[in-house]
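Read through the structure below, which is laid out as structure tokens, and then see the notes.
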Amino acid sequence: MKNSWQEDLKILLNCDLKTLYPLARSLNRRLEFYVGPTNSGKTYNAMKKLKEANSGLYLAPLRLLALEGYEDLKEAKIEASLITGEEQQLSEDAAHICSTIEMLDFDMEVDVAVIDEVQMLEDDDRGWAWVNAIIGVPAKKVIMTGSVNALEAIKKIAQYLGEDLEIVKHKRKNPLIVLEKFTSLDRLEDGTALIAFSRAEVLKLKQRLQKKYSVSVIYGNLSPEVRRDEAKRFRRGESQILIATDAISMGLNLPIKTILFTTDTKFDGVRKRKISVNEIVQIAGRAGRFGLFEAGYLGATRRDILNYIEEEFEAPIKTIKPPFKVKINNSQLESLSMHLKTKSLGKVLNFFALNMKFDGPFEAANLSSMLEASRIVDSKEGLSLEEKYLLAQAPITTKSTIILQAYNSYIASVIKKRVNHYKPSITLPKKAITQKDLLLVEDEVKKISLYLWLSYKLPNLFPDHDKAFILRNSFNSFIEKSLKGTLLSDDSFEERRFERDKGKTKDRNSKKDFSKNKEKSDKKVNPFQKRARKSF
């Protein structure tokens with residue numbers, strides 16, 4: 001007897017995740033969790049097992065780490081391929097693949113798979129990728145690496161899967177010592193990393209410190225290539241001090257002796273809050289690279305910050321607790337769309353998040369990045385649901401005008417089935433004049449990454465992969481050159497200078513004179529900014 005519409009929907013809304021990955025279920029997999037703090041050798045040991053295998057996968061949280069894994073295998077004379085959302089270096093002879101975790105092929109069987117940084121399964125936007133990989137990677141042996149806060153989560157998932165789990169504990173190879181006194185910015189030792197939590201604060205500190213020290217900087221808006229070059233300068237001793245956000249908390253192996261927090265608060269995308277013990281431990285663990293230093297040191301640049309860091313550092317790590325987030329897949333999307341009789345991606349995503357039920361410790365997730373993108377694609381006429389879903393997964397940020405304009409242009413090309421040749425939004429000047437100029441180039445690199453991502457998904461519509469790749473190298477070189485030099489003023493420099501001068505002269509007419517001069521100056525538009533405003 002045929003099921004009713006309601007019965008079909010009820011079946012659809014109840015999912016046993018492990019059944020979605022039949023190849024993984026057929027392999028009688030063995031799970032291993034290499035658990036321990038940063039600087040304990042867990043990833044090194046996991047990669048050693050990967051190199052010994054006849055075939056294998058390294059699944060990385062970042063493109064930069066996928067590249068490092070690829071180069072590590074190549075140095076060991078092991079033929080390998082590299083696959084990320086925007087770059088593919090394929091070898092026909094390779095039995096090993098290094099990729100970002102979202103690019104995992106669930107239909108390719110291997111002997112060993114290494115899933116790095118599994119504590120990322122807690123991440124609101126990307127945690128689903130680790131959940132899927134742990135459950136579905138088709139490897140006879142699955143080696144996970146991560147911190148102790150993920151231990152109970154991995155045990156619960158293994159129990160749900162009914163697969164054997166071996167826990168291999170790793171200890172830090174040298175001590176991590178909290179400094180007794182705060183450290184002045186005027187008395188920094190070589191090999192010190194200063195931690196801030198925003199691009200603006202990182203560049204502000206660079207502007208202040210570059211008069212006395214040679215400085216490298218690392219923050220999230222920089223492309224992986226530039227982050228790598230800045231790390232390389234610090235590693236080679238070409239810069240004395242590293243100033244970074246928590247972008248250094250994953251993967252980058254750096255010769256840091258001491259980590260100093262310059263603040264104990266961060267904006268997490270929703271609110272400004274105190275940093276957690278988990279965040280402190282993950283970042284602090286980068287101090288005291290084994291083989292270079294007998295110990296690592298942790299401190300702060302103010303007494304009150306040091307007091308907070310010291311107290312939190314001694315607190316217990318917060319365990320990752322279920323439920324773990326799961327993203328809608330293509331099959332579920334199509335079935336729900338048919339049952340709901342809608343082609344609105346946003347409506348399907350919201351229905352999925354509110355109604356989907358899973359066996360095991362999981363819950364349906366509504367990814368904020370996909371919801372933002374769904375509002376854009378749903379406003380366009382002429383896109384199929386499949387196209388909407390694809391475009392909603394593209395690497396975009398709606399905070400950047402350059403990227404938002406490009407995204408809309410690329411959507412139009414998909415609708416009209418019209419070839420889109422890559423065109424830069426800006427023309428590089430000889431050097432960046434302000435931090436805003438630098439931000440425009442950083443955003444242009446992100447726009448190129450978006451184009452490269454689309455060039456792999458829809459190569460017939462976005463054919464300029466090679467051109468975009470070459471341009472990205474050019475823009476990255478410009479950013480690196482700008483960061484090496486004397487850093488640019490920020491946008492409020494003129495106003496601050498006026499306030500300073502006003503305090504010294506107490507001249508009542510100075511503000512009036514300044515305004516007149518500024519008005520004249522504003523009429524002389526910076527040619528870089530003028531070019532940046534041009535549409536493509």
Side-chain angles (χ1 to χ4, degrees), residues 1-25 85 101-107 121-138 157 160-161 322-396 398 407 410-411 414-415 417 453-454 457-458:
M1 186 175 174
K2 192 176 180 181
N3 290 332
S4 67
W5 180 88
Q6 289 87 351
E7 288 171 330
D8 284 340
L9 185 59
K10 187 176 179 180
I11 293 168
L12 175 62
L13 291 174
N14 286 275
C15 176
D16 186 359
L17 270 178
K18 60 179 177 285
T19 63
L20 300 180
Y21 304 101
L23 180 55
R25 300 288 75 77
I101 195 160
E102 287 89 348
M103 299 300 290
L104 168 58
D105 182 351
F106 293 99
D107 295 318
L121 64 84
E122 186 183 30
D123 187 83
D124 285 339
D125 270 334
R126 298 181 65 210
W128 61 269
W130 276 263
V131 172
N132 286 355
I134 294 166
I135 295 172
V137 64
I157 294 174
Y160 157 74
L161 291 170
F324 313 117
K325 292 178 171 55
V326 176
K327 188 183 81 165
I328 194 169
N329 64 30
N330 283 28
S331 174
Q332 291 163 341
L333 182 82
E334 290 170 12
S335 297
L336 285 176
S337 170
M338 183 181 68
H339 277 82
L340 298 174
K341 296 181 179 177
T342 181
K343 294 296 182 184
S344 166
L345 179 60
K347 285 181 181 177
V348 175
L349 292 178
N350 281 315
F351 188 86
F352 172 83
L354 291 171
N355 297 282
M356 198 75 183
K357 306 296 179 192
F358 292 92
D359 290 350
F362 311 105
E363 69 174 357
N366 230 346
L367 311 182
S368 59
S369 57
M370 278 191 67
L371 282 176
E372 279 190 68
S374 71
R375 283 190 281 271
I376 297 172
V377 295
D378 276 338
S379 70
K380 312 291 184 182
E381 296 288 339
L383 288 171
S384 68
L385 186 66
E386 184 182 1
E387 289 169 335
K388 287 181 180 181
Y389 186 54
L390 171 71
L391 291 165
Q393 295 177 82
I396 67 162
T398 54
Y407 188 52
Y410 299 156
I411 291 172
V414 174
I415 293 169
K417 302 296 182 284
W453 188 88
L454 287 165
K457 303 291 183 183
L458 303 166

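What you see below is based on every heavy atom in this structure, not just the backbone, and it leaves out hydrogens, waters and symmetry mates.
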All heavy atoms of A364 vs all of M356, minimum pair found to be CB-CB, 3.8 Å
Taking the side chain as every heavy atom from C-beta outward, state whether K325 and D124 have any pair of such atoms under 4.5 Å apart. yes
Can you tell if the side chain of L23 reaches within under 4.5 Å of the side chain of F106, non-hydrogen atoms only? no
Go through it in stages, so that I can follow the logic: the residues are I396 and W453, the test is side chain to side chain contact (heavy atoms under 4.5 Å, CB included), and I'd like the CA-CA distance, side-chain angles, deciding distance and then a yes or no. CA-CA 10 Å; I396 67 162; W453 188 88; over 6 Å; no
Taking the side chain as everything from C-beta on, heavy atoms only, tell me whether K327 gets closer than 4.5 Å to Q393. yes
Note, S374 side chain near V348 side chain (heavy atom, < 4.5 Å): no
Minimum heavy-atom separation for N330 and Y389, please, with both atom names. OD1-CE2, 2.8 Å
Side chains of Y407 and V377 in contact at under 4.5 Å (non-hydrogen atoms): yes
Work out which heavy atom in Q332 is nearest to a heavy atom in C15; give both atom names and the distance. NE2-SG, 3.7 Å
Atom pair CD1 (I101) and CH2 (W130), whose distance is rounded to the nearest 0.5 Å: 5.0 Å
Which atom of D105 lies closest to which atom of D107, heavy atoms considered: OD1-N, 2.9 Å
Atom pair CG/CG of L458 and L391 - distance to nearest 0.5 Å: 7.0 Å
Contact between D359 and L17 at the side-chain level, heavy atoms closer than 4.5 Å - yes or no? no
Could you tell me whether a side-chain N or O of D378 sits under 3.5 Å from a main-chain N or O of S344, the two making a donor and an acceptor? no
Short side-chain to backbone donor-acceptor contact, T342 and S337, under 3.5 Å: no
Any side chain to side chain donor-acceptor pair (under 3.5 Å) pairs touching residues 11-22, not counting sequence neighbours? D16-K18, D16-Y160, Y21-N132
Quick check for you: to the nearest 0.5 Å, what is the distance between L383 atom CG and K343 atom NZ? 12.0 Å
Is there side-chain contact between L367 and L349, with heavy atoms separated by less than 4.5 Å? no
Indicate the atoms forming the closest heavy-atom contact of A129 with E102, along with that distance. CB-CG, 4.1 Å
Once you round to the nearest 0.5 Å, how far does NZ of K380 lie from CD1 of I411? 5.5 Å
Tell me, yes or no, whether the heavy-atom count around E363 atom CD, taken from other residues, nucleotides or ligands under 6.0 Å, exceeds 12. yes
Over all atoms of both residues, closest heavy-atom pair of G136 and A24: O-CB, 3.5 Å
Distance col, row K347:NZ vs L340:CG, nearest 0.5 angstrom, shows 9.5 Å
Keeping the roles fixed (side chain from S379, backbone from I376), state whether a donor-acceptor pair exists under 3.5 Å. yes
Point-to-point distance, once rounded to the nearest 0.5 Å, from CG of L336 to CG of N355: 8.5 Å
